[in-house]
Participant: 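Before we start, here is the structure in question, set down as structure tokens.
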Amino acid sequence: MLALPYEGFRVSFTSLNPHRLIGVQYENFEITPDVYKQEIKQLQAMGLGLGGTLENVIVYNDEGWLNPLHFGDELVRHKILDVIGDLRLAGIIRGHIIAVASGHELNTRLARQIAAALG
């Protein structure tokens, strides 16, 4: 995971998943307040982002998906939302976050490093 200087907030994420249904997924989003609000509204309109149930989380096993996907790259989109939420622990930051296969532990470690650097 890497944080680079950037005039705004951008997250680029590569998900590396050995599961045959997922494989490698990549997304890159410029996160602005308007984009974030629109994404939240869209998720809530779809009944998502309201708590964990089979209707609003990604669940899969060796045979396949246990629920339908809303996007072909839904897993990597979820990982980007995790990055945004975890880095919010450091406050509002500017930067380009580049992540490959990161999870909450690595995300929060980076958030602590950013918070310490900002003093």
Participant: Identify all side-chain donor-acceptor contacts of residues 108-119 below 3.5 Å with residues at least two apart in sequence or on another chain.
Facilitator:
unit_1 : atom_1 : unit_2 : atom_2 : d
T108   : OG1    : H104   : O      : 2.9
T108   : OG1    : E105   : O      : 3.1

Participant: Could you tell me the separation between the OG atom of S12 and the CG atom of L2, rounded to the nearest 0.5 Å?
Facilitator: 10.0 Å
Participant: Taking the side chain as everything from C-beta on, heavy atoms only, tell me whether T14 gets closer than 4.5 Å to Y26.
Facilitator: yes
Participant: If you look at every heavy atom in L87 and N107, which pair is closest and at what distance?
Facilitator: CD2-O, 3.6 Å
Participant: List the atom of Q25, the atom of G72, and the distance in Å for their closest heavy-atom pair.
Facilitator: NE2-O, 3.4 Å
Participant: What's the spacing between E63 CD and R20 CZ if we round to 0.5 Å?
Facilitator: 8.0 Å
Participant: Tell me which one of I97, N28, I31, L4 satisfies side chain to side chain contact (heavy atoms under 4.5 Å, CB included) with R10.
Facilitator: N28
Participant: Can you name the nearest heavy-atom pair linking F13 to I80, along with the distance?
Facilitator: CB-CG1, 3.5 Å
Participant: Let me see the working for W65 and I22 under side-chain contact (heavy atoms from CB on, under 4.5 Å), right down to the final yes or no.
Facilitator: CA-CA 10 Å; W65 301 105; I22 302 167; 3.5 Å; yes
Participant: Following the transitive rule for hydrophobic clusters with a side-chain heavy-atom cut-off under 4.5 Å over Ile, Leu, Val, Met, Phe, Trp and Tyr, establish whether I98 and I93 coincide in one cluster.
Facilitator: no
Participant: When rounded to the nearest 0.5 angstrom, what distance separates CZ in R94 from CZ in F9?
Facilitator: 11.5 Å
Participant: Of the non-hydrogen atoms in G95 and Y6, which two are nearest, and what is the gap between them?
Facilitator: C-CB, 3.4 Å
Participant: Are L75 and V24 co-members of a hydrophobic cluster defined by side-chain heavy atoms under 4.5 Å apart?
Facilitator: no
Participant: Is it possible for you to say whether M1 and I84 belong to one hydrophobic cluster, with membership spreading through side-chain heavy-atom contacts below 4.5 Å?
Facilitator: yes
